[in-house]
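Here is the naming used below: chain letters follow the sequence lines, and residue numbers restart at 1 for every chain. In this text, all values refer to a predicted model and were calculated from it rather than measured experimentally.
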Amino acid sequence: MATVAASPTYTASATPQRSRLMSWLTTTDHKVIGTLYLHTSLFFFVLGGLEALLIRWQLMRPNSVVLTADQYNQLFTMHGTTMVFLAIMPLSAAFFNYLIPLQIGARDVAFPRLNAFSYWIFLLGGVFITLPIFFWVAPDGGWFGYAPLSGRTYSPGPNMDFWVLGLQILGISSLAASFNFATTIINMRAPGMNLMRMPMFTWMSFVTQFLIILSFPVITIALVFLQFDRFFGTTFYQISAGADPLLWQHLFWIFGHPEVYILILPAFGLVSEVLPTNSRKPLFGYPVMAYSGILIGFLGFGVWAHHMFAVGMGPIADTVFGLTTMLIAIPTGVKIFNWIFTMWGGSIRFTAAMKFAIALIAMFVIGGISGITHASPPSDLQQTDTYYIVAHFHYVLFGGAILGIFAGIYHYFPKMYGRTMNETLGTWHFWLNFIAMNLTFFPMHFAGMLGMPRRIYTYDAGQGWELFNMMSTMGAFLLAPATLIFIYNFFRSKKHGEPCGPNPWDAPTLEWSIPSPPPEYNFAKIPMVTSRYPLWDLTHPERTAEIPHTQTGWTEATQQTGEHDMAPMHIETETRTAKELGIPMPSSTIKPFFVALGIVLMFSGLLFLPKGMKVPAFALMFGGTAMWVGYLYAWLTTPLEDHH
Amino acid sequence: MSQDNAHAEHYHPTWKEYKWVALILFLITVVEVWVYYIPELVASKAFVPGLLIMSAVKFAIVVMYYMHLKYDHKLFRSLFVGPLLVAILTLLGLLFLFSKIAIRLSGGG
Amino acid sequence: MSASADAAHGHHYTTTGLDNRKIAIWAFIGSECMLFASLISTYLIYKGKSLVGPFPHTPWTDPSSGKVFPAILNIPVTSASTFVLLMSSLAMVLALSAVENRGKPLPPGAGAWDKALTSSKLWLWMTCLLGAGFLAFQAYEFTSFVHEGLTIRRNLFGSSFFTLTGFHGAHVTAGVIWLGSLLAIDYKRGLQPSDALAVDLAALYWHFVDVVWIAIFTLLYLIPG
Amino acid sequence: MVIAVTLLVLAACSGGDYPNSTFLPTTDNNRDATDLWNRMMFWGTIVFVIVEAILLYTIIKYRRRPGGPEPEHVHGNTLMEITWTLAPALILVFIAVPTVRTIFRSQAAAPANAVQIEVIGHQWWWEFRYPEYGFTTANEIYMPHGRPVNFALRTADVLHSFWIPALAGKRDLISNRTNYLWFTPDSTGEAAFNGSCNEYCGASHANMKFRAFTVSAEDFDTWARHQAANAIFPPPVDTAAAPATVRPASNAIGMAQAVPAAQAAPTTVQAPTTPWQFPREKVPPHVLPQTPIPASVSIADAAIAAGDAQRGFTTYSRSACIGCHKIRGNPSSMGILGPDLTHVGSRFTIASGLFPNDAKHLAHWIKNARAMKPGSLMQTLGKGEHDPIMNITVQAGGLTDEQIADITAYLLSLK
Ligand code: HEA
Ligand code: HEA
Ligand code: CUA
Ligand SMILES: [Cu+2]
């Protein structure tokens, strides 16, 4: 099947001699940044998972005393925050970084240094918000931090300060990255790659960037208000001043609902790459897949208040938001059916990636259907803030986003490291994970509908919830070994995995036409794209015969006369370095790191204000500001590439 | 170079247009402030819609001429108009949700 | 049509033929729409909900002290500052046009005004000064409000008003700094038509900030209620 | 999946094991919600079965076999795509229509004959007021069977959410707003239910529970009239088990006090009222909390047993308690920060459903409320006890075990 003989793996030779750490701190290579994202977010995933294990341990039996109420409240807040902002979003970002330029035939992202900045500020923000859990002073207001509980009056300690500032910092990272990737996808596609030829992962990432661009400013403002309330005594959420707590809720969920699609769409994109490749068939209904992604994203801005059916918005608002929410089932259903019919009539190869992708379809449907049951407000009033909701969102988040990301990791690992991951271990990981996740999250439906509220650190015996909680805890503790198998496989395969060629899965898209791992410049000659599955056009023309091909790619491209580093679609075998080929590469720089550090220091200064410690507060704020402004100027006045 | 091309293709307004735009902006602003000082007008039903329309016109001409969206690549138009629409709809949605209509209809009491 | 000219500035092949930075700034402006929509929504939602005065359009008597607080907003001053900001936009387009047309011969019979139109320094200075003028008005407005008893902590109106207009003011400040940097380059080596894009980016940002003010001026200042 | 289905059947059938099930046909509200749920489950199951069946069939049928044929390379089929756009849309119509109808029905104004109950959420307990009867109680609600009940929901601090899963959907308590929820418990008979707070509200969110009882209209009236009366102390016979007897009004320590007009009971002569409580023998086990007492708080059983109500009355009336609690009929006890204790002896639970209301738990509670309930706003009062929030040890002014036992006896006598 993998027809291409193992090509010599590319090894960068002429990189200047720097220490490993220094080369990371200064890198502007989207692939290195992608792997940095990958490792960091896997670390945070395990951390969030450990927090979940403590939660489950406490809930295993009624009236148990493993954790105190305060500890528990910090744990579930940090579990939610970590998983959403520090695990899944950056795991997606890892793929944006690694894959988007490769899939569209670009040498890098539009703004390589901004890209490095996004990573560093994510890392520093992640550390900032995570550190306090080790001292039990972590945020404890829930991942959506409802006011007025999150305000200074009811949360006087530093806990929520970390949350407000931490999310603000992480928001900068996401926004910076989204402008970068949106621009990259609009403007850096190889000649001939029009929108209808973009790989589906790139498509879904494209939609995701716009969701970020439009939703993050809203939470930024919501957080600015909270930050001002907490540090400067403004009245936005101050009940005694007549404030309306629903302001926070609306602003949060205007961000929060698009956020859940930010979490799922990249995973949908990954699955849309894995399924056709392993079925040896083109994606069924490609245009509709793209449009449905756009539609999901767009509708996602009109449903936010379905998280607020219990707040008493009135029947009209309930009706409107209930119905718009239900509508989302239609484009999502289209995706589900198109995936299934991609496999229908195919020749399915069950790689580990494929298993995870298929499981995503199976599991996401469960979460989607329970989602529809909360879209009906009178019914949701019996469900909201119970474990039934917890079941819903873990089916879509774990059964959707995480399974999709696992599929993506197994599938793209060979591209990143030139070796495949061990399939036997992958199969073990898959089955254990699959069984354990259902054991963990399915019983939560019952606990919820039988009256168990969420976010409770303890519950009384005899309420009919013991069995379900015991099952969930067993499941969670099975997820740990499953995850450990994966981690072991991941790190072992980097060194000892089966070496593979550029295209071990016989996949159809551009990223597979270059060596694994790709050289620093990605493409020695930028390919000219004439169809949606350019590689299959070369190797299996019969598979794409039915897909419309036009020659516009050619014509557009041939107009670019003189662009001598372009060539017709081909398989890259080049192993020389960028320097040898005369390809200008962005030079590495430490400046983005220091800009990020300056911003984080500036925010940290605020932490000292409520304690009245003005000196360290202002020192940090001014020092941090000076640092980031200075380095930003230096960055903007240095050209991207050094020599010409 | 490609983007010089793109630039060259596009008509750029000059002082002639700019001064008219500035004049219109100035006049609309004068009218806006002027009506604010006429109590009968302020009391009339047309006051708020009138002001909104006037400022929308100002908004539009600045965007079209000064930000040369009218002449620029159509990509920019979608990059701006799309988010602007989402923003306006969100704003209207919020105003409705916090308005007396929404609350009065909530019944229950 | 060759990539050779000056590859250093990223003039590689691009899909649309446009510069990355211009796409990014428009995406950024789209994002800012949501930012200001959130701020403006909040102001409007909280309009009339403050428990204590001062209020924007109506006087208020403190029931405990009997002290009367006048309506806080000062329309004449703000109209003037609005005018200043609008004119700065005019100066900005002229600056851009001067940079774009640098080096083109003046038509025969061109007068002093036509010559003035070619001076990017003049128009950048104008823009900066008018922007700074706007900020001065705002500083005056803020201090006088504080003197009249409206602080950011005073009531919902104070919090949402100062935060919204303060955010706008911060944007203007950033714009002035940006334009100042361009001016510095202009003095150092003269802005050339090849720098038009850099000026255009600043201009787009500047006009957007102006446009936001157009909305704020109407929604906050002119519509009472 | 097999386990899941078995469980589903289990859950649906045996209401008894699942006292907080949301599927009980107890009220109009809940029947509507369950009806919607059933429709959605019906369609949801169909969708689920169809999708998973096609999926399974596909992956089995089209798995790669050695020497198998190259797949047929269809890349789309407009007819099919239209089908799976329209079919879900149609299903959604079947869900949406009854949804909208139920929304407007359940959010209409409450029927005029509804019993009014005001609910005020506090960190972390519930205040209940019956404006028509003019009294305030805490953590336990009584409702007449068969009559609509209209709850007006407010909060004193952060957001909370009011939920009795077996009776109706929940509603949030939003600061600076009043919400409403009404339903008619018409198919419950004489029954007891658990309720909870469902909006995360801080440290003891998990411990913010309450109890709800539906009783006959006559019993409700008896209960309410007694609750409206002032506390009667000393009780006529003996403190331990106050029998339901009629007592002369002269026993009441009835002094004029600052209660709202509607609430002010006659000050001098008080109509005799019968203490009435939901019949203890009918209280199902799940309503009686089983929370263990934390090891850090202890007080000897013998000491508790030696408590004397009369002494307790005196001690209580002079200690910190009165700053936070109100006992109508005890003129010195006028606080409003904590639950109304006028008839605290008639309640089944204390501390918002966290502990059963008996001498042992009450004594421990008074000794160190904050060790018993994380974050509780009631201070630690026992002498020598450690207050986990202030991080101090109570010394001067702290209550001794004897004093605590006395107060306990006093409070329990307030039937
Ligand atoms: C990956 C993230 C993700 C995704 C994709 C979704 C998808 C959906 N969600 Fe979910 N949701 C969350 C994450 C997500 N959600 C989270 C994290 C919360 C809780 C936040 C918190 O409170 O902490 C939440 C909460 C939540 C609520 C609030 C519940 C409450 O608190 O009371 C609601 C209410 O409407 C809801 C609905 C939906 C719907 C209708 C979809 C739809 O998009 C699903 C559509 C999919 C399908 C329906 C399946 C496939 C379709 C077919 C096979 C076609 C045929 C189907 C039918 C006709 C039914 N979700
Ligand atoms: C992307 C999102 C995501 C993911 C993947 C998960 C994964 C898990 N979640 Fe999460 N969860 C949320 C998002 C997510 N959750 C959110 C948003 C909330 C709401 C928070 C709030 O209410 O504010 C929530 C809340 C939540 C609750 C409710 C808490 C409450 O309301 O009181 C529970 C309870 O069981 C839970 C459990 C779990 C479990 C068992 C997993 C498991 O799947 C975890 C599996 C992972 C592991 C088990 C890690 C493996 C560990 C190792 C490999 C370490 C081994 C090493 C050593 C021993 C050294 N979650
Ligand atoms: Cu009150 Cu949770
Ligand atoms: Cu949602």
Side-chain angles (χ1 to χ4, degrees), chain A residues 104 107 110-111 114 175 178-180 182-184 186-191 193-194 209-210 212-222 224-225 228-229 232-236 238 240-244 247 250-251 254 526 559-566 584 633 636 639-644, chain C residues 1-10 12-42 45-46 48-52 151-164 166-167 177-178 181 184-185 198:
Chain A
I104 63 176
R107 295 223 168 103
F111 305 103
L114 186 65
L175 274 171
S178 66
F179 298 130
N180 202 347
T183 309
T184 305
I186 291 175
N187 217 23
M188 309 270 289
R189 280 169 283 135
M193 177 164 290
N194 57 32
Q209 306 316 321
F210 283 98
I212 296 176
I213 286 176
L214 294 178
S215 67
F216 268 74
V218 185
I219 191 169
T220 302
I221 289 304
V224 163
F225 293 164
F228 281 16
D229 272 11
F232 311 130
T234 53
T235 60
F236 290 102
Q238 191 70 48
S240 54
D244 190 335
L247 177 67
H250 280 296
L251 292 180
I254 289 173
I526 303 289
Q559 274 175 6
Q560 311 290 334
T561 43
E563 292 284 5
H564 33 94
D565 55 354
M566 294 184 183
Y633 249 90
L636 291 174
L640 179 60
E641 298 143 6
D642 355 77
H643 53 83
H644 291 285
Chain C
M1 277 271 189
S2 80
S4 58
D6 90 315
H9 288 307
H12 305 287
Y13 165 83
T14 66
T15 317
T16 56
L18 301 163
D19 190 279
N20 285 339
R21 285 171 290 169
K22 193 152 167 192
I23 296 176
I25 193 96
W26 273 108
F28 175 72
I29 287 174
S31 188
E32 295 270 281
C33 287
M34 287 302 278
L35 190 98
F36 281 104
S38 317
L39 285 163
I40 294 176
S41 308
T42 303
I45 286 167
Y46 275 163
K49 301 259 170 71
S50 297
L51 300 183
V52 295
T151 63
I152 197 169
R153 304 165 168 207
R154 173 73 192 177
N155 55 16
L156 296 174
F157 164 58
S159 295
S160 51
F161 173 83
F162 282 114
T163 306
L164 167 53
F167 253 79
I177 295 174
W178 189 347
S181 317
I185 299 175

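Residue contact with chain C, scored on non-hydrogen atoms closer than 4.5 Å, involves the backbone and the side chain of A/Phe236 alike. Within the 4.5 angstrom heavy-atom criterion, only side-chain atoms of C/Tyr46, from C-beta onward, approach chain A. For A/Leu175, the part lying under 4.5 angstrom from a heavy atom of chain C is the side chain only. With a threshold of 4.5 angstrom between heavy atoms, A/Ala222 does not approach chain C through any atom at all. For a residue to count as touching a neighbouring chain, one of its non-hydrogen atoms must lie under 4.5 Å from one of that chain's; by this rule A/Ser240 touches chain C with the backbone only. Interface remark: C/Ile177 contributes backbone and side-chain atoms alike to the contact with chain A (heavy atom separation under 4.5 Å). For chain A, the nearby parts of C/Leu156 are the backbone and the side chain; heavy atoms of each come within less than 4.5 Å. The part of C/Phe167 that comes within reach of chain A is its side chain, from C-beta onward, which places non-hydrogen atoms under 4.5 angstrom from that chain.
Partner C/Leu35 forms a side chain to side chain contact (heavy atoms under 4.5 Å, CB included) with one of A/Val224, A/Ile221, A/Val218 and no other, that one being A/Ile221. Between C/Ser31 and the choices A/Phe216, A/Phe179, A/Phe210, the side chain to side chain contact (heavy atoms under 4.5 Å, CB included) rule is met once, by A/Phe179.
No donor-acceptor pair under 3.5 Å is formed between the side chain of C/Asn20 and the backbone N or O of A/Asn187.
Chosen from C/Thr151, C/Ile45, C/Ile185, C/Leu39, the residue pairing most often with chain A at heavy-atom distances under 4.5 Å is C/Leu39.
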* To do: Quick one: do C/Phe162 and A/Thr234 satisfy side-chain contact (heavy atoms from CB on, under 4.5 Å)? Show the steps, please.
  => CA-CA 10 Å; C/Phe162 282 114; A/Thr234 53; over 6 Å; no
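When side chains are defined from C-beta on, A/Ile186 does not count as touching C/Thr15, because their heavy atoms never get closer than 4.5 Å.
Across all their heavy atoms, A/Leu251 and C/Ser38 have their closest contact at CD2-CB, 4.3 Å.
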